[in-house]
There are 2 protein chains.
Amino acid sequence: MSNSTPATIEDVARIAQVSIATVSRAIHMPEKVANSTRLKVNQAIAITGYTTNAMARSLRLGRSNMILVVAPDIGDPNFSNILVGLENEARAHGYGILIGHTQNDAQRSLEYLKFLNSNQAAGLILFTGILPFGHQTMTARLPPSVGVFEPVFNGGIPYVGVDDIAGARKAVDLLIAEGHRKIAFIGDSRTRLAYSRRRMGYEAGLDAAGVSPDLRIVFEGDGTIESGRLAVEQLFMRDTLPTAFMCVNDQTAIGVMIGLGARGYDIPRDFSVTGFDDVPQAVFMSPSLTTIRQPRTAIGKHAMALLLELLSDGQPTETEILLRPDLVVRNSVSAPSRNWIRK
Amino acid sequence: MSNSTPATIEDVARIAQVSIATVSRAIHMPEKVANSTRLKVNQAIAITGYTTNAMARSLRLGRSNMILVVAPDIGDPNFSNILVGLENEARAHGYGILIGHTQNDAQRSLEYLKFLNSNQAAGLILFTGILPFGHQTMTARLPPSVGVFEPVFNGGIPYVGVDDIAGARKAVDLLIAEGHRKIAFIGDSRTRLAYSRRRMGYEAGLDAAGVSPDLRIVFEGDGTIESGRLAVEQLFMRDTLPTAFMCVNDQTAIGVMIGLGARGYDIPRDFSVTGFDDVPQAVFMSPSLTTIRQPRTAIGKHAMALLLELLSDGQPTETEILLRPDLVVRNSVSAPSRNWIRK
DNA sequence: TTGTATGCGTTATCAG
DNA sequence: CTGATAACGCATACAA
C-alpha cells in the first residue's frame with residue numbers, strides 16, 4: 001500500500017502477469033489489448049497505486065506534459081481568472097501548468113529560459129507584450145508559444161486577447177452619450193500595445209462624436225493605482241480640466257478615484273470615471289466602477305486551446321484571436337456637472 | 001547555434017574530446033577534474049549552448065529539482081509576496097518553483113497529488129491549513145512538506161507563519177488604549193487555525209484590560225470581503241453595537257468598511273476598524289487601514305529554507321517557526337465617539 | 001494479441 | 001585524473 005518507493009510499470013507487469021509493454025499499451029492504447037488482460041492490468045494498477053513516472057515518460061517521448069505560463073506579476077488581479085481558463089483546458093488534454101513570474105526582472109526571465117531549454121516544458125504562455133528573454137536569437141529556441149492580452153513583440157507569436165479598440169470605444173461612447181465632451185485619457189503607453197489600442201478606441205470615439213482630441217488631458221501611465229493618482233495631481237497643475245476620466249484599466253481608475261477623493265471631489269457628481277478589465281474590486285469601490293469587462297476565463301481557454309493546437313499540428317491556424325469585451329454600467333458615471341461644463 | 005535538437009552531454013563530450021563522464025564531473029564536481037580539461041569542457045558547453053536535460057537528470061537522480069507550491073487561491077493578495085520569498089530561496093539552492101492552485105476543489109487537489117506521485121516535485125509547500133488531499137492514507141506518500149501561515153491539519157507537517165496571537169493582541173491593545181471597550185471580532189472560524197488564534201489574541205487583550213467578552217459581537221467569517229459586509233448587516237439586526245471592529249484579516253476589514261459606509265457611517269469617527277495582514281490595498285482605502293503587517297517575504301524565505309533542510313537532512317530541526325507581526329497605525333482608528341459610548 | 005529489446009540523457013560506480 | 005558502462009522508468013519497433 002504505502003511502500004517506500006513508488007510502484008513502477010514493472011511492478012504492475014509482475015502482478016498482472018504480463019510484460020511491461022502490455023501494461024504500457026493497456027494504458028495508452030487500450031483498444032489494442034485484449035479485454036481480459038486490460039482488466040488484469042487495471043487491477044494491478046489499482047493494487048499498486050501505480051502512477052506513470054512523468055520524468056521517464058518525458059525523457060522517452062522527448063517532450064514534457066507541462067506548459068509554462070510566464071507572467072510579469074502574479075498579483076495582477078486579472079491573472080488568476082485567466083489562469084482558471086488556462087488550467088481547465090490544459091488538464092482536459094493531459095497537460096499540467098507551471099507558473100513563473102518574472103517581475104519584469106531579466107535575471108528571473110533567464111531562469112525560465114533555461115527551464116525551457118532543459119525540456120521541462122512543452123509550450124509557453126506569455127502574459128506580457130515583451131518577450132522576457134534576450135530577444136532575437138532566443139526566439140529561435142522557444143517552444144510553441146501563445147501570448148495573452150497583447151501581441152508579443154519581436155516574435156511571430158499568435159495571441160489571444162480582447163478587442164481593446166472596441167472595448168475602449170464602448171466606454172467613450174457611454175461618456176459621450178451622458179453628455180461629456182472633455183474626456184481625459186489616463187494611462188497612455190507606447191510600450192503596452194493593449195493600452196495604446198485602448199487609446200485608439202478613445203480617439204475613434206471622440207472623432208465619431210465630432211470632438212477634437214485635446215492632448216492636454218491625455219496622460220501616460222503604467223496601469224498601476226499610483227499612476228492614476230499621479231495623473232490627477234498633474235492634471236490639477238494644468239489649466240484644462242475634463243469632466244470625465246477614461247482610464248486605461250481599473251487599477252488606474254482606482255488611483256484616479258483616490259486622487260479625486262483626496263481633493264474632496266465627489267464621483268460621479270463632479271467627475272465621471274471609467275475603467276477597463278472589471279477586476280474583482282471594481283464592484284466594491286464606492287462608487288462602484290463602471291468599466292469594460294474582459295472575458296477572462298474564455299481568454300485563458302482559447303489561449304491554451306491555441307497552444308495545444310500548435311503543439312500537435314505545428315502550425316497555428318489563427319495568429320490572433322480577439323474576444324468581445326462588454327460594458328458594465330455601475331455608478332461612477334453620470335452626466336457632467338453644470339459647474340464644470342463651461343469652465 | 002540554433003540547431004533543431006538541443007545539445008546533449010554527448011555533443012559536449014565530442015567537441016571537448018573527453019568522455020561524457022568527464023563532462024558531467026566538470027559540471028558537478030569541478031575540483032575533481034584537471035584545470036585544462038575543465039576549460040575545454042566549458043568552452044564546448046559555451047559553443048553548443050548545452051543545458052542539462054532536467055528530465056534525464058531527475059530520472060537518474062530519482063528526484064526532481066522542482067518544488068510544488070499549492071495554494072487554494074492564487075488571487076489572494078497575500079500570495080504573491082510570499083511567493084517572492086519562496087522563489088528567491090529556492091533558486092538560490094538550484095530549485096525551481098511550481099505553482100498549483102486548488103480553489104478548494106477536491107478534483108484539482110487530486111491532480112496535484114498525482115503530480116507529486118509521478119515524481120515531478122521533490123517537495124511541497126502548502127498554503128492551506130487543511131491537506132487538500134484525501135487525508136490519512138495519502139499523507140504517507142507525501143514528499144517532504146512545509147505549511148505556510150497555518151499548521152497543517154492531520155499531518156505532522158512543520159510550518160512557518162506569524163505569531164497570530166501576538167499580532168491580534170497588538171490590535172486589541174491599540175483599540176483598548178484608544179478607549180474602546182465594546183470591540184467586535186469579525187471573522188471567527190473553527191476551521192482556519194490562524195483565525196482562531198487571532199481570536200485568542202483578541203480575548204487575551206480584552207481579559208488583560210478587564211473587559212469581559214461579549215459573544216453577541218463576535219461574528220464568524222471566511223476572510224472574504226463579502227463576509228465582512230455580511231457581519232455588519234447581521235450586527236445591526238442585534239441590540240448591541242460595538243464602537244470598534246477588530247477584523248480577522250484585511251479583506252474582512254474592507255468588507256466591514258464598505259458595509260459601514262453603505263449605512264452612512266464615518267470611519268473612524270463613528271466606528272474604528274482594524275485589519276490583519278497589511279495587504280497592498282490597505283494603504284489605499286479611505287480611510288487607510290490600521291492593521292497588522294505580516295512579514296510575507298520573510299515567511300516565504302523561511303518556509304523554503306525549512307523545506308530544503310528537510311530535503312537534505314530528512315528530519316526537520318523545528319516544527320514551527322513563528323515570525324513577529326508589526327502594528328501599522330494608519331487612519332481607521334480613533335477614540336470612540338461620545339454618541340456611542342453609553343449607548 | 002503479446003513479448004523482447006533498445007534507447008531517451010544523466011549520474012554514479014568501478015577500473016584503469 | 002579519466003573512461004567505459006550500468007541503471008533510472010518508460011514507450012515503441014520489431015518479432016513472434
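Being a predicted model, the structure only gives us computed values, none of them experimental. All chains are named by letter (A, B, ...) in the order of the sequence lines, taking the proteins before the strands, and each is independently numbered beginning at 1.
Pairs passing the ring pair (Phe, Tyr, Trp, His ring centres under 6.0 Å) check and including a residue from residues 63-82 of chain B, sequence neighbours excluded, read B:Phe79-B:Phe127.
Heavy atoms of A:Ser58 sit nowhere under 4.0 angstrom from any nucleic acid atom. Using a 4.0 Å heavy-atom distance criterion, A:Leu59 is classed as a base contact.
For the pair A:Arg57 CZ and C:dC8 C1', the computed distance is 14 Å after rounding to whole Å. Look at CG on B:Asn53: it is 5 Å from P on C:dT10, rounded to the nearest Å. Separating the NE2 atom of B:His28 from the P atom of C:dT13 is a distance of 14 Å, rounded to the nearest angstrom. Straight-line distance from the CG atom of B:Leu39 to the P atom of D:dC1: 15 Å, rounded to whole Å. Between B:Gln120 atom CD and D:dG9 atom P there is a gap of 15 Å when expressed in whole angstrom units. When rounded to the nearest whole Å, the span between CE of B:Met29 and P of C:dT10 equals 17 Å. If you take CG of B:Asp11 and C1' of C:dC8, they are 14 Å apart, rounded to a whole angstrom. Look at NZ on B:Lys40: it is 14 Å from P on D:dC1, rounded to the nearest Å.
Here A:Ile157 contributes atom CD1 and A:Leu124 contributes atom CG; the two are 7.0 Å apart, rounded to the nearest 0.5 Å. Atom OG of B:Ser58 sits about 8.5 Å away from atom CZ of B:Arg63, to the nearest 0.5 Å.
Which of D:dC10, C:dG9, D:dT12 sits closest to the side chain of A:Tyr50 comes down to D:dC10. Picking from C:dA12, D:dC10, C:dG9 the nucleotide with the shortest atom distance to the side chain of A:Thr52 gives D:dC10.
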Could you list all N or O pairs between the protein and nucleotides 1-4 of chain C that sit under 3.5 Å apart?
unit_1, atom_1, unit_2, atom_2, d
C:dT2, OP1, A:Thr37, OG1, 3.1
C:dT2, OP2, A:Ala34, N, 2.9
C:dT2, OP2, A:Thr37, OG1, 3.0
C:dG3, OP2, A:Ser19, N, 2.9
C:dG3, OP2, A:Ser19, OG, 3.1
C:dG3, OP2, A:Thr22, OG1, 2.6
C:dG3, N7, A:Arg25, NH2, 2.8
C:dG3, O6, A:Arg25, NH1, 3.0

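Side-chain contact annotation: B:Thr8 with B:Glu10, donor-acceptor N/O pair under 3.5 Å absent.
Distance alone, capped at 3.5 Å, places no donor-acceptor pair between the B:Ser118 side chain and the A:Asn53 backbone. The closest donor-acceptor contact from the side chain of B:Thr48 to the backbone of B:Ala44 lies under 3.5 Å. Although no hydrogens or angles enter the test, the distance criterion places a donor-acceptor pair under 3.5 Å between the side chain of A:Ser312 and the main chain of A:Leu308.
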